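Hydrogens, waters and symmetry mates play no part in the numbers below; they use all other heavy atoms, side chains included. No experiment lies behind these values; they were computed from the predicted model shown. Throughout, protein chains are lettered first and strands after them, A, B, ... in sequence-line order, and every chain is numbered starting at 1.
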Amino acid sequence: MKYHFNEIEAKWQKYWAENQTFKAENNSEKPKYYVLDMFPYPSGAGLHVGHPLGYIASDIYARYKRHKGFNVLHPQGYDSFGLPAEQYAIQTGQHPAITTEENIKTYRRQLDQIGFSFDWSREVRTSDPNYYKWTQWIFIQLFNSWYNNDVDKAENISTLISVFEKGGNANVNAACDDNITIFTAEAWKNYSSEQQQEILLKYRLTYLAETEVNWCPALGTVLANDEIVNGVSERGGHPVIRKKMMQWSMRISAYAERLLQGLDTIDWPEPLKEIQRNWIGKSVGASVTFKVLSPTLSNGKGVVPGYMTGGNNSHLLLERAKEMRANPTEAEAALWQNLKGKKLDSKFRRQHIIGDYIVDFVCLDKKLIIEVDGKIHDSQIEEDANRTEILENDFYKVIRFKNEEVLGNIDEVLEKISKELAERESIKREQVLPSGKDLGWEIDVFTTRPDTIFGVSFMTLAPEHELVAKITTPEQKAEVEAYIEATAKRSERDRMADVKTISGAFTGAYAEHPFSKKPIPIWIGDYVLAGYGTGAVMSVPCGDQRDYDFAKYFEIPIPNIFDLSKIKGSSESSPPLEELEEAFTDKDNTIIANSGFLNGLNYKQAVKRAIYELEKLGQGKGKTNYRLRDAVFSRQRYWGEPFPVYYVNGMPQMIDTEHLPITLPEVEKYLPTETGEPPLGNATHWAWCTKTNKIVSNEMLKQVQHDKNGSVIPTEQSDEESHNGVYPLELNTMPGWAGSSQYFNRYMDPHNDTEIFSQEAINYWQQVDLYIGGSEHATGHLLYSRFWQKFMYDLGLVPHDEFAKKLINQGMILGTSALIYRLDVEFSVDYKISEASEIIAQSTSHLAYAKKATQDGRFGSNYVFSKNRKNEIEQKGYGNIDKVIIEKISKKLHEITPNSPVENIELINQFEKKIHIVGLIFSPIHVDVSLVNSSDELDIEAFKLHPMGKDYKEVEFLSEEDGTFKVGREIEKMSKRWLNVVNPEIICSDYGADSLRLYEMFLGPLEQYKPWNTAGITGVYSFLKKLWKLYFDDNGFKVTETEPSKEALKTLHKTIKKVEEDIENFSFNTSVSTFMIAVNELTAQKCTSREILEPLLILISPYAPHIAEELWNQLGHKESISTAAFPKFDESHLVESTKNYPISFNGKMRFTMELPLDLSKDDIEAAVMAHEKTKEQLQGREPKKVIIVPGKIVNIVG
RNA sequence: GCUGAAGUGGUGGAAUUGGUAGACACGUUGGACUUAAAAUCCAAUGAACAUUGCGUUCGUGCGGGUUCAAGUCCCGCCUUCAGUACCA
């Protein structure tokens, strides 16, 4: 009897379906185990051999766990909402539900053919109203919740309302919008219902807000961040622009920290966790508030006050100041004796430049200026009231003394100064320095390096920052506006592609350094992103490379605040960084310098101190920032879950959960409406009647209009009366990830129509024990699902806040593309006008073209080369191509190039045409892999009949010497585009599902990317035939009840041990090898014992269930093999009495020796040394050392 | 740039706590069976040298190191793939 896999597989697939062999019950005495696959999107193309890889692995594990005595839940379903079905509907008008249904049928047929042990009675489909009812239900729960940071969990919105009623929102610590205004309990009570709703929206976990979204005009919808790859849409690669729209969002950012922490508690692949960590993007640092100084001084010159910044003549002033310091007046000298060295507890400087002036003495800290009127120095005489005014404008206080006062009674003068200093001390800093305060402008920045705060030499705002327009000085206005316009024009993609070009503009404004009080110029630059942090940075050029580059480019000072002498161990002390090529960004080896109270501290100490000082000033605090943004939840699509939302006076209202599901309405067209509304705007029945709680005709709506984004435009009449209780429903639908974020829980109780799942079911199954799927969902489905699970945990619905204990990413199976090589010609044609026709040409307007023209191009010839022919020519050079071919190509080239490069000119024959062949080149052409046999030979006749072969009817095929036409191979992603898709159905009919399953596992480690090569399947196929032959030969069934041999028992138990270890480690490829070894050994041993062959089947059955089931049945069992217990490993069968020792010399194995295992070290050494080959190796030398590891190895050194 | 993973025959890939590198397959070559092909079976197959056999030398991306012994551990590079990208 032969191995007829087709009959066997059909028979058992039918049996399993009819007997519901794999149906899981929600209670059992056995321990539970939940194995889950990522459910597929049923696309029209069906499955290729790459798709089932993960399903086969999980199926093996599920079957193995059943043998091990577990009650296994192994469900499957369909993620059946989505874009392709909708695109197809737009093109053909066919309802997406029909397309989806058809695709599901194909999928089911293909899946069934592979023999999975799914419990299909639990199937879910995201597009099924009975399923999406619960997706809508969760949405409502999210809407009715807010995130309380104090207890770090979501709570019902009613608790927030009662807090508002009792004490307003001042003490609420919630995850909420940024633009919250503080109100009192009294104010809350006085707000209108709409105002209250609007405020609550800012706290809800799903909220409606005007957000800047990624709008994809080609797809007519918004996309989430994870749906964009390199600035274009993941699907279709269409451009994406930023646009403001009213959209539903999910406040996933509230869970950022828990999503991050949770990663440490789950057994997921490290690379995937790393992707999620990066996506969440936690950074710890501080927020710092910089006050904006008054734009300009009114000195008419636009000169900005500033210490050491100076005006245009600052270098002259500097010279002058030096000179004056060297030649003080008698009075100045006397006063300086009493001011210097902090004699009055304040530091004074003399002859100091403030703005365009030199002042006699100044205490910068207190902004107190002392002027001594002299007679000797001319320059001192010109001072006037104007100067005082200007200085006072900049909040300096100027006090004056006469020379005589100083010289006459210096004590009195000093006392006056002391009094003045004390007064300025007692005045609050803000009053002394009302700088930007009069206008209240402040710039908040986020920094991870508060330790470098003294290195700030400028600030940079994103061009989109709201303060830019306000602070820009009239002088800088034109430049700034031009810059903003230029940046806005650049698409997101350009901006990303071009990170090297430094650009920016100076606003003319200054901010005040929180500690040094020095003015800091404010710039704008597109290296600062509006979307991250606050859209503004404090720029520390010596400590950040981008700041450094920016400063270098615009020649902004780069003060150094690092003690490089201590860092680099050099004797120089703090060399100026301007001379260095890059910023010093190493924070682990930092010693801060030139930074006041931070001097001498390392990174950690300095950060702590800086935050402490900032807090003392009230100008900053420690802060943690996350990159994770809230997820946009609205899509302008038809084929998705409708929102259970209607609008009253523009405010969203939830439909009562008892009225769910809100089913998708029928529409005539699946495109956006003419007015730009989402497709649901086409529905005629899409309004909500609050009286009947039903969806009703739009005709019952009164005067309600939507704007382009689907939001309701409120009208004056839109109160309850005029609506008659009928309101418009939300026109957007939910995104693809809505349905996939809770399906794993629904499988536990899929038919429950009163609850999302019963508490019994969730408490029995708990969570997914093993989840297998692709890593491409790292920042989408896998993050959103974790978010929803945590939310449901907060609600007390689920016992774990992580939905999947263990996750494995299966690698992709790549396709092996087949290539043929067409000879292409690169050519150049010169057109020259002949003299005779020049006259004619002159009379036309085409003279300029006609005189001379060149046309370059590339031309695909009719010659196709096989792989080796091509290689040969590429090695020898293109000159070796047959001359006849070149001639023919040349002729063809003459035919296809026009006689005139200029159209519509009637001088066709007047042109002289000269054709140059510039180059020859092979261009690879993909051919369908199904036309290529296992020896890489292309079936040329079949190729010509193939749809794509039509273009190659005339083609000449230049084959190998032996007459075969070999194709080249290239490993690429398996896709229709590369014609390298292999259909599992064909594999199943040619080799059987068991072969397919074994081969997919045998290809390599599950997580790894590996190429598919159909030819290789013969290996596992002949293994199955060999396996069959252990049970059957030409005379029929040959299993006997004879006692098994020792060798056979050893083979069996060795196999049990290895297979069990391999499955537990998900090393499926090696266990297939183990089976092969076992079958090869048992065949050689001529084993026929039932005692061996029966347990062997159970070992193999998770991998090749059909053949195992058939042979199990032949052995006389009536129950399915899936219920059999996994064989028990018995060590005693593996005990050996001897060991074949490898004998090494200096670590290199030279020969082996069979020795008893119970030999002592000395006996082993004696035996080895006595061996003839040992003497030969040593050639008379004495061994220096003999290493003996009993049971392992002998190594002789010498 | 940053982060992560990985480099082993012609190919996919094995190799336990450092202990016989290349298991198991594919492919290739030779042979048996056959009119022939397919299928099946047998043998060889890391490279080089030697071939009368016994063999010898070199070999896990590169260069060092630790060790009796390194694909495996340590240091420094190179390459490939993936993720991410002005994240302050």
Side-chain angles (χ1 to χ4, degrees), chain A residues 229-230 269-279 281-283 285 445-449 452 460 462 495-502 525-529 531-540 543-547 549-550 625-628 775-776 778-779 811-812 816 934-936 969 971 998-999 1002-1005 1007-1020 1022-1023 1025-1026 1029 1058 1061 1065 1067 1069-1077 1080 1140-1152 1173 1176 1183-1189 1191-1198:
Chain A
V229 179
N230 294 329
E270 203 46 53
L272 187 129
K273 288 191 192 179
E274 203 55 36
I275 292 171
Q276 290 208 345
R277 283 191 196 106
N278 289 337
W279 192 260
K282 180 179 183 175
S283 41
V445 303
F446 174 75
T447 178
T448 53
R449 298 291 304 273
T452 63
T460 317
R495 229 163 123 169
M496 274 202 298
D498 175 29
V499 294
K500 292 226 171 83
T501 314
I502 295 163
D526 70 358
Y527 81 98
V528 177
L529 303 176
Y532 182 77
T534 59
V537 299
M538 57 176 229
S539 302
V540 184
D544 182 283
Q545 194 55 48
R546 291 155 305 162
D547 294 344
D549 295 340
F550 194 86
N625 220 18
Y626 298 91
R627 201 190 81 125
L628 184 70
S775 60
E776 67 272 19
T779 55
M812 200 184 285
T816 312
S934 59
S935 311
D936 288 354
R969 292 293 198 177
I971 306 295
L998 281 170
Y999 189 50
F1002 188 62
L1003 279 174
E1007 305 87 345
Q1008 204 166 298
Y1009 279 51
K1010 51 217 171 250
W1012 176 269
N1013 174 17
T1014 303
I1017 202 170
T1018 53
V1020 293
S1022 49
F1023 156 72
K1025 283 190 285 192
K1026 274 187 228 165
K1029 280 189 193 159
K1058 179 86 169 94
E1061 281 169 5
N1065 293 320
S1067 175
N1069 55 326
T1070 49
S1071 44
V1072 178
S1073 305
T1074 308
F1075 294 140
M1076 290 174 170
I1077 294 167
N1080 287 345
N1140 195 21
Y1141 277 96
I1143 313 298
S1144 315
F1145 291 82
N1146 297 320
K1148 290 196 169 100
M1149 203 278 287
R1150 293 304 173 196
F1151 62 93
T1152 59
K1173 283 185 182 167
E1176 208 176 285
K1184 283 185 198 144
K1185 207 171 174 188
V1186 180
I1187 312 280
I1188 292 165
V1189 185
K1192 285 231 157 135
I1193 199 168
V1194 176
N1195 192 17
I1196 298 166
V1197 188

> Using the C1' atom in both, what is the distance from B:rC58 to B:rA23, to the nearest Å?
Replying inline: 22 Å
Would you tabulate the pairs of protein nitrogen or oxygen atoms and nucleotide nitrogen or oxygen atoms of nucleotides 41-44 of chain B closer than 3.5 angstrom?
none

> Taking both distances under 3.5 Å as the test for a Watson-Crick or G-U pair, what stems of at least three pairs does RNA chain B have?
Replying inline: B:1-7 with B:78-84, B:10-12 with B:24-26, B:27-32 with B:40-45, B:46-49 with B:55-58, B:61-65 with B:73-77
> How do A:V1020 and A:N625 order along RNA chain B: which one's closest nucleotide is nearer the 5' end?
Replying inline: A:V1020
>> If I take atom NZ in residue A:K1184 and atom P in nucleotide B:rA69, what distance separates them, rounded to the nearest angstrom?
In response: 11 Å
>> On RNA chain B, compare the nucleotides closest to A:I1196 and A:N278; which residue's is nearer the 5' end?
In response: A:N278
>> With rounding to the closest Å, how many angstrom separate the C1' atoms on B:rA14 and B:rG46?
In response: 15 Å
> What is the per-nucleotide protein-contact pattern of nucleotides 13-19 of chain B, from the 5' end, where B denotes a base atom under 4.0 Å from a protein heavy atom, S denotes such proximity for sugar-phosphate atoms only, and - denotes neither?
Replying inline: SS--B-B
>> Rounded to the nearest 0.5 Å, what separates atom CZ in A:R627 from atom NZ in A:K282?
In response: 16.0 Å
> When you compare B:rU56 with B:rG61, how far apart are their P atoms, in angstrom units rounded to a whole number?
Replying inline: 26 Å
Between the protein and nucleotides 54-58 of chain B, are there any N/O to N/O pairs under 3.5 Å, and if so, what are the atom names and distances?
| from | atom 1 | to | atom 2 | distance (Å) |
| --- | --- | --- | --- | --- |
| B:rU57 | OP2 | A:R1150 | NH1 | 3.3 |

> Which nucleotide, B:rU20, B:rC26, B:rA23, lies nearest any side-chain atom of A:M1149?
Replying inline: B:rU20
>> A:F550: which residues meet the ring pair (Phe, Tyr, Trp, His ring centres under 6.0 Å) condition with it, sequence neighbours left out?
In response: A:F458, A:W523, A:Y527, A:F554
> Which of these passes side chain to side chain contact (heavy atoms under 4.5 Å, CB included) with A:I1143: A:I1193, A:T1152, A:I1196?
Replying inline: A:I1196
>> Please report the interatomic distance CZ(A:R969) to CG(A:N1013), rounded to the nearest 0.5 Å.
In response: 7.0 Å
> Which value, in whole Å, describes the distance between the C1' atoms of nucleotides B:rA69 and B:rG19?
Replying inline: 7 Å
> On a whole-Å scale, what distance lies between the C1' atoms belonging to B:rU17 and B:rG71?
Replying inline: 16 Å
>> Which nucleotide wins on minimum distance to the side chain of A:R627, given the candidates B:rU84, B:rC24, B:rC26?
In response: B:rU84
> Is the base of B:rG10 syn or anti, if syn means a glycosidic angle within 90° of 0?
Replying inline: anti
>> Please report the distance separating the P of B:rA25 from the corresponding atom of B:rU35, rounded so that it comes out in whole Å.
In response: 31 Å
>> Using the ring pair (Phe, Tyr, Trp, His ring centres under 6.0 Å) criterion, which residues pair with A:F1151? Sequence neighbours excluded.
In response: A:H1171
> If the C1' atom of B:rU67 is compared with that of B:rU72, how far apart are they to the nearest Å?
Replying inline: 13 Å
> What nucleotide among B:rC26, B:rU40, B:rC86 has an atom nearest to a side-chain atom of A:D526?
Replying inline: B:rC86
> Among B:rA23, B:rU3, B:rC86, which nucleotide sits nearest the side chain of A:I1077?
Replying inline: B:rA23
> Can you check the A:L998 CG to B:rC26 P distance for me, whole Å?
Replying inline: 13 Å
>> Any base atoms under 4.0 Å from A:K1025, or only sugar-phosphate, or nothing? Heavy atoms, all strands.
In response: sugar-phosphate
> Tell me: CZ of A:F1145 to C1' of B:rA69, nearest whole Å?
Replying inline: 14 Å
> When rounded to the nearest Å, what value does the distance between P atoms of B:rC86 and B:rA6 take?
Replying inline: 28 Å
> Between B:rG12 atom C1' and A:I971 atom CD1, what is the distance in whole Å?
Replying inline: 10 Å
